Structure formats: structure tokens, C-alpha cells
Peer 1: 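Handing you a structure now.
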Amino acid sequence: MSKQFDVLVIGAGPGGYIAAIRAAQLGFSVACCEFSAYDDPGEEPRLGGTCLNAGCIPLKALVASSEAYEKAVRHLPDHGITADGISIDVTKMQKRKEAIVTKMTAGVKFLFRKNKITLLKGRGSFAGKNDAGYRIIISGKDGEEEVLAQKVIVATGSKARHIPNIAVDNVAICDNEGALKFTEAPKKLGVIGAGVIGLEVGSVWRRLGAEVTILEVMPSFLGAADESISREASKLFLKQGLHIKLGVKIGQAKLTKDGVSIAYTDDQGSEHTLECDKLIVSVGRIPNTDKLNLEAVGLQTDERGYIPVNDHCATTAPGVYAIGDVVRGPMLAHKAEDEGVMVAELLAGQKPHIDYNSMPWVIYTTPEIAWVGKTEQQLRSEGRDYKTGQFPFAANGRALGLGDSEGFIKMVADAETDEILGVHIIGASASDLIAEGALAMEFRASSEDVARTCHPHPSLSEVMREAALAIDKRALNM
Ligand code: FAD
Ligand code: NAI
């Protein structure tokens, strides 16, 4: 007889594993199947999805190592510290990253055991429905088994989009998987796409000494960020030596004796060839829906490959939900997690809700970039009256002490009600500072609420308060 579960989750990334844990906490019998795109042959499936295995966590480990190296080489002398002969052992740096990944993925397995979640090792696909529930085939290394579930949560995530005439081998021409595994810093690195991965990974190898050239098809970059933030980022990245070429058209990429050569046409129509040791292709991601056999339960993807869902992540098949990168909205781990919690709580009869407008974004460059809510350009196009307050890190004592005084925080509030509509940061610890902006927006706070809240001194968070004060032109330290 087939195993039966209340809830079956397909995919154990941040969306799926969090959905499984929350559903188990709420008393459901839960299984989660994972075939793991990140398996080493013969090993158990690695849980945690893109985020833990080839995304957020390994990349941020490399960001931290490369930042520490750059600080040691370029900034220690400012503190009066002499440290001669500083070098980087990239193999050791990669081992540190791998150890963090192994610890985190093993942590998810521990959480499955703790919450009595059944791990089904294999690829899940729909086979139809009968009176006992949805029939799901799990195809694993040891063959196939069919299980039944009352409710199904599809959390199969996404994979890197590739460009037709550029064959990714993850050795010389890499997507996110190969780009995080270099065993030495390339002398010359080419990157196609000045999006989040291009900027973060490009910055890692630039800090470690690579000459990095990023080729971007659009006439500008960081289009989703507030214009003032992308302008500042462009200025700072140029100063750091990150070459970003905008408005290019990519031609053929060829493997050469020394690496890769890539042909492109610049924004004036002139043809060029970029020779590099390694090439990274980071031009977006596509949802993973192949082999799910959605048709067996009457579902199909939209024209961009996403599974259509409503505000509560419900598909049109009753009891089948989809969350995370496989559905509309930003491809972010915390978005996938929040959707996982929401669906589990819905199944338990609760009334959860996600406000996508107060979902923060972070880009882990130097300095970090983070925002929540609306940009000025969005508000202008909506015809909404707003006011802004901006304060630089250069006027903050803590930032100066840390030697991290580039950038600013800008707060945007409704001209009449003073409700905060957006917070935009480029500066040190933006990834942590933005949480205050997200909380303020979730509580529908006004800029005056933030301005009246006592902030610790000396701290970077004072820049947030000063930005709020600046909205009414009463910043105190400028
Ligand atoms: P995934 O994490 O992709 O997990 C899906 C899982 O489902 C995978 O384990 C896959 O093997 C499994 N699966 C697929 N099909 C099946 C099937 N049929 N049966 C069984 N299992 C299946 N986001 C952030 O918020 N912050 C960051 O700093 C950040 N950094 C990133 C850096 C990089 C380099 C990349 C590539 C992404 C980054 N992201 C970041 C995005 C983040 O990783 C994703 O948004 C997040 O992982 C999506 O979670 P998910 O659960 O929807 O899918
Ligand atoms: P992206 O969508 O952020 O950027 C892709 C870039 O490539 C865009 O600027 C686009 O204009 C450009 N592009 C597309 N086709 C091109 C072509 N043919 N030639 C040149 N340029 C081209 O995608 P990216 O960087 O691959 O990241 C994928 C997703 O992963 C992100 O959207 C994000 O959701 C997630 N991510 C999140 C991170 C974070 O939260 N810190 C970090 C890394 C990834």
C-alpha cells in the first residue's frame, strides 16, 4: 500500500524545508521529497536547495573572506597596523565555505528528524489524483515509489538561465555553480549580466585581485533599485576598479588555450573581444518545472515557465500550492520561506498574509545595498506626492570609526500622512539596517515614529534616524 501523508512538499530549498517544518509544527503528517540538484554521486540528497548549496550561503562565505582580505591589504594601514606578506589561500577559503555549507545542509536534516518529517529521496512528479489524495511518484536512485498526499506544496526552485550560443561547462564558462568553486583567483574575469549575481560574484574576485569586466545588455544597471542608489553604486564600483560596460550585445564565446574569448558589440556599435581566464554567465534564473508532470493534475506553466498562483500561493488544482522561485515575485530566499510558512498556516485554517511591498532586498557588494518599499521613480510614475530625507554615513561617528563611511540612507514618506513608503541604503551593514525599515513599514510607521525612537550611540542605526529627521529638514548632525 502507498504511504499516505497530510502534506507532501516537493523540493527541500528554503521554501520547501521551511513549509515542511511549519506544517509539522501545526500537527500535519509531512513528507518532503528532494532529488538534489547538488548531490555528489552516491551521496544522500543535500537539503537546503540553491540557497544553501549554490547560492546565498556559499556566496556570502566568499564575500566575507574576500572582504577580510581586502581589509587586511588595503585598510589595516589606516589603523596604524602593519601586516606584511598578506596572501590568500583560495583552496583554504573554499574549504571554509564548504564546511559552512555542509554544516547548514546537515542542520536541515536534523530539523527534519526533530520535526518527524519523512524525507523521500528522489524526484517528485504528479501522477494524478484518487479518493485518497494526490498521487506522487518519487523517482530515486533505488527506483520508483508512489505516495499519496491530501495537500501538495511545490517548491522546486529555479536554475540558471543560459545564453543559446554560450555553452556553460562550469570550468571555464560558469553559471552560479562553477563561479563559486574557482580554485584560484582568475587574473581576468568576464561576467555577462550586471545583476545581483554578477555584482556580488564579480566583487568577490575583484577583491582577490582579478581584473573584472561585466558586460550588461541594458543601458543602465540595478534597475530595480532607487535611481540615487544605482548612481552612487556606479560611482563607487568604478572607483573600486569594477569595469561595467552597459548597452552591449553579446556575440560568440570561444574556449581558447588560456581561457575564454567573448565577442561583443558596444553601445556605439563597435565590435570588441574580451579575453579572460574565466567567464561567468549570470543573466537571470528560470523556474524548475520540467518533469513535474503538472498536466496530470490539470496544471500548466505560464509563458515564462512559472506555476500560476493566487495571493495565497494556491494553484487552480484544489489543495496544490506552489511557493518560492517557481512562482511570481522576487527570487529571494526569505520570500520563499515566508510563502512556505503562509501556506502551512493556511492549511491549518489560520489567516496568514504576506505584504510583498515590505519585503527587503539586499545586494552584498562593497558597500552593501538594501532597500524596502517603493523607489522614487515608482512613486513618480504612480503620481504620488512624497517627501525624502537623506543622511550620509560620512557624518556618523561609528561609520568613521569603522572606516566604512561611504554611502547614505534615504527615507521616502507620503507627503501628507508621513507614512514611510520606502527606505534605500547604500552603505556598511545595509543588510542588517534594512530590517528596521522593513519593520517600520510592516507597522505602517511614519517617518516621525522612527525619528522619535531612541537609537543607540554610536551606531550605524543613527543614520536611519537622521534620514527620518531629514524628511522634515531637522537632521541634527548635518
Ligand atoms: P531552491 O532553493 O532552488 O530549492 C528547490 C529545491 O527543489 C532544490 O533543492 C532542488 O534540487 C529541488 N527539486 C527541484 N525539482 C524537484 C523535484 N521534481 N523533486 C524533488 N526535488 C526537486 N536569495 C536571497 O534572499 N539572498 C541572497 O543572498 C541570495 N543569494 C543568492 C546567490 C546565488 C548565487 C543564487 C543563485 C541565488 C541567491 N539567492 C539569494 C536566491 C535564493 O537562493 C533563492 O531565491 C531560493 O533558494 C529559492 O528557494 P526555493 O525553495 O524556492 O528553491
Ligand atoms: P538578475 O536578474 O539579477 O540580473 C541579470 C542581468 O543580466 C540583468 O541586468 C540583465 O539585464 C542582464 N542580461 C540578461 N540577458 C543578458 C545578455 N544576453 N547579455 C548581457 N546581459 C544580460 O539575475 P542574476 O544576477 O542571474 O541573479 C538571479 C537571481 O538570483 C536574482 O534575480 C535574485 O533574485 C537572486 N539572487 C539574489 C541575491 C541576493 O538577494 N543578494 C544574490 C544573488 C542572486
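All ligand and atom numbering here is 1-based and tracks the order in the structure. Residue indices begin at 1 and follow the sequence shown. Because the structure is a prediction, the values reported are computed rather than measured.
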Peer 1: Under 4.0 Å, heavy atoms only, figure out whether ligand 1 is touched by the backbone of E200, its side chain, both or neither.
Peer 2: neither

Peer 1: I want to check something: taking the side chain as every heavy atom from C-beta on, are V260 and K278 in contact at a cut-off of under 4.5 Å?
Peer 2: no

Peer 1: Does some side-chain heavy atom of H334 sit less than 4.5 Å from a side-chain heavy atom of E339?
Peer 2: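 Sidechains of H334 and E339: no contact.
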
Peer 1: Consider every N or O of L59 and every N or O of ligand 1, then say whether any pair is closer than 3.5 Å.
Peer 2: no

Peer 1: Taking only Lys NZ, Arg NE, NH1 and NH2, and the carboxylate oxygens of Asp or Glu, determine whether D175 and R285 approach each other closer than 4.0 Å.
Peer 2: no

Peer 1: Heavy-atom contact under 4.0 Å between Y17 and ligand 1?
Peer 2: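 Judged by the 4.0 Å heavy-atom criterion, Y17 does not count as contacting ligand 1.
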
Peer 1: For ligand 1, note which part of D325 has a heavy atom under 4.0 Å away: side chain, backbone, both or neither.
Peer 2: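 Near ligand 1, D325 shows its backbone as well as its side chain.
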
Peer 1: Measuring from atom 42 (C) of ligand 1, which candidate in G140, G55, C56 has the nearest non-hydrogen atom?
Peer 2: C56

Peer 1: Quick one: which ligand 1 atoms are inside 4.0 Å of a heavy atom on G49?
Peer 2: 2 (O), 4 (O), 8 (C), 9 (O)

Peer 1: What about R46: any of its N or O atoms under 3.5 Å from an N or O on ligand 1?
Peer 2: no

Peer 1: Counting from 1, what ligand 1 atoms have a heavy atom of S36 closer than 4.0 Å?
Peer 2: 11 (O)

Peer 1: Looking only at non-hydrogen atoms, which of G157, S139, G48 approaches atom 53 (O) of ligand 1 most closely?
Peer 2: G157

Peer 1: May I ask whether P330 has any heavy atom positioned less than 4.0 angstrom from an atom of ligand 1?
Peer 2: no

Peer 1: Once side chain to side chain donor-acceptor pair (under 3.5 Å) is applied, what residue pairs with a partner in residues 185-197 remain, sequence neighbours excluded?
Peer 2: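 Qualifying pairs: none.
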
Peer 1: Is K335 near ligand 1, meaning one of its heavy atoms is under 4.0 Å from it?
Peer 2: no

Peer 1: Kindly say whether A172 contributes a backbone atom to a donor-acceptor pair with the side chain of D169 at under 3.5 angstrom?
Peer 2: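 Confirmed, D169 side chain pairs with A172 backbone.
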
Peer 1: Check ligand 1 against A336 and write out every atom of the ligand that is under 4.0 Å from a heavy-atom position of the residue.
Peer 2: 49 (O), 52 (O)

Peer 1: Below 4.0 angstrom from a heavy atom of A155, which ligand 1 atoms are there? Numbered from 1 as shown, please.
Peer 2: 5 (C), 6 (C), 7 (O)

Peer 1: What atoms of ligand 1 come within less than 4.0 Å of a heavy atom belonging to G13?
Peer 2: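 The list of qualifying atoms is 2 (O), 4 (O), 6 (C), 51 (O).
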
Peer 1: Counting only heavy atoms not in Q378, do more than 12 fall under 6.0 Å of its CD?
Peer 2: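 Enclosed: over 12 neighbouring heavy atoms sit under 6.0 Å from CD of Q378.
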
Peer 1: Can you name the atoms of ligand 1, numbered from 1 with element, that are less than 4.0 Å from a heavy atom of G324?
Peer 2: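 The list of qualifying atoms is 52 (O).
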
Peer 1: Between K291 and ligand 1, find which residue part has any heavy-atom pair under 4.0 Å and reply side chain, backbone, both or neither.
Peer 2: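 It is neither; nothing of K291 touches ligand 1.
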
Peer 1: Would you mind telling me if ligand 1 is within reach of the side chain of S125, the backbone, both or neither, using heavy atoms under 4.0 Å?
Peer 2: neither

Peer 1: Is any N or O atom of G15, backbone or side chain, closer than 3.5 Å to an N or O atom of ligand 1?
Peer 2: yes

Peer 1: Below 30° counts as parallel, above 60° as perpendicular, anything between as tilted: where do the rings of W361 and W371 land?
Peer 2: parallel

Peer 1: Take E368 and S431 through the side-chain hydrogen bond (donor to acceptor under 3.5 Å, both in side chains) test and state the conclusion after the steps.
Peer 2: CA-CA 7 Å; E368 290 179 354; S431 54; 2.7 Å; yes

Peer 1: Under 3.5 Å, N or O to N or O, is A54 touching ligand 1 that way?
Peer 2: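 No, there is no polar N/O contact under 3.5 Å.
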
Peer 1: Indicate yes or no: at least one non-hydrogen side-chain atom of F126 is less than 4.5 angstrom from one of I136.
Peer 2: yes

Peer 1: Should the pair W205 and F182 be assigned to parallel (<30°), tilted (30 to 60°) or perpendicular (>60°) ring geometry?
Peer 2: tilted

Peer 1: Would you check if there is a donor-acceptor pair between the side chains of S158 and D325 at a distance under 3.5 Å?
Peer 2: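 The answer is yes; a qualifying pair exists.
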
Peer 1: Hey, does M331 come in under 3.5 Å of ligand 1, counting only N/O atoms on both sides?
Peer 2: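 In this structure, M331 places an N or O atom under 3.5 Å from an N or O of ligand 1.
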
Peer 1: What part of I197 sits under 4.0 Å from ligand 1 if we count only heavy atoms: the side chain, the backbone, both or neither?
Peer 2: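 Side chain only.
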
Peer 1: Using a 4.0 Å cut-off to any heavy atom of K60, which atoms of ligand 1 qualify?
Peer 2: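 Selected atoms, number and element: 27 (C), 28 (O), 29 (C), 30 (N).
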
Peer 1: Is the closest basic N to carboxylate O distance between R123 and E34 below 4.0 Å?
Peer 2: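 Result for this pair is no, no salt bridge flagged.
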
Peer 1: Is there side-chain contact between E227 and R380, with at least one heavy-atom pair below 4.5 Å?
Peer 2: yes

Peer 1: So, does S358 use its side chain to make a donor-acceptor pair with the main chain of M441 at under 3.5 Å?
Peer 2: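 No; judged by distance alone, with no hydrogens or angles, the pair does not exist.
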
Peer 1: Is any NZ, NE, NH1 or NH2 atom of the basic residue among R22 and E345 found under 4.0 Å from an Asp or Glu carboxylate oxygen of the other?
Peer 2: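 Answer for the salt bridge query: yes.
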
Peer 1: Main chain of Y364, side chain of E200: is a donor-acceptor contact present, judged purely on distance under 3.5 Å?
Peer 2: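 Confirmed, E200 side chain pairs with Y364 backbone.
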
Peer 1: Pick, from N53, D175, T50, the option with the minimum heavy-atom distance to atom 1 (P) of ligand 1.
Peer 2: T50

Peer 1: Need the ligand 1 atom indices (1-based, order shown) with element for anything under 4.0 Å from a heavy-atom of C51.
Peer 2: 2 (O), 43 (O), 47 (O)

Peer 1: Report every pair formed by an N or O atom of ligand 2 and a protein N or O atom separated by less than 3.5 Å, giving atom names and the distance to 0.1 Å.
Peer 2:
{"from": "ligand 2", "atom 1": "3 (O)", "to": "V196", "atom 2": "N", "distance (Å)": "3.1"}
{"from": "ligand 2", "atom 1": "9 (O)", "to": "E216", "atom 2": "OE1", "distance (Å)": "2.6"}
{"from": "ligand 2", "atom 1": "9 (O)", "to": "E216", "atom 2": "OE2", "distance (Å)": "3.2"}
{"from": "ligand 2", "atom 1": "11 (O)", "to": "E216", "atom 2": "OE2", "distance (Å)": "2.6"}
{"from": "ligand 2", "atom 1": "15 (N)", "to": "R161", "atom 2": "NH2", "distance (Å)": "3.3"}
{"from": "ligand 2", "atom 1": "21 (N)", "to": "V217", "atom 2": "N", "distance (Å)": "3.2"}
{"from": "ligand 2", "atom 1": "23 (O)", "to": "G284", "atom 2": "N", "distance (Å)": "3.3"}
{"from": "ligand 2", "atom 1": "25 (O)", "to": "V196", "atom 2": "N", "distance (Å)": "3.3"}
{"from": "ligand 2", "atom 1": "25 (O)", "to": "I197", "atom 2": "N", "distance (Å)": "2.9"}
{"from": "ligand 2", "atom 1": "26 (O)", "to": "G284", "atom 2": "N", "distance (Å)": "2.9"}
{"from": "ligand 2", "atom 1": "34 (O)", "to": "M331", "atom 2": "O", "distance (Å)": "2.6"}
{"from": "ligand 2", "atom 1": "40 (O)", "to": "V362", "atom 2": "O", "distance (Å)": "3.4"}
{"from": "ligand 2", "atom 1": "41 (N)", "to": "E200", "atom 2": "OE2", "distance (Å)": "2.8"}
{"from": "ligand 2", "atom 1": "41 (N)", "to": "V362", "atom 2": "O", "distance (Å)": "2.7"}

Peer 1: Considering distance alone, does some N or O of L292 sit under 3.5 Å from an N or O of ligand 1?
Peer 2: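 For ligand 1, there is no N or O atom that lies under 3.5 Å from one belonging to L292.
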
Peer 1: For S270 and D266, indicate whether the former's side chain and the latter's backbone hold a donor-acceptor pair under 3.5 Å.
Peer 2: no

Peer 1: Ignoring hydrogens, what is the shortest heavy-atom contact between A344 and L26? Give both atom names and the distance.
Peer 2: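 Minimum heavy-atom separation between A344 and L26: O-CD1, 3.5 Å.
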
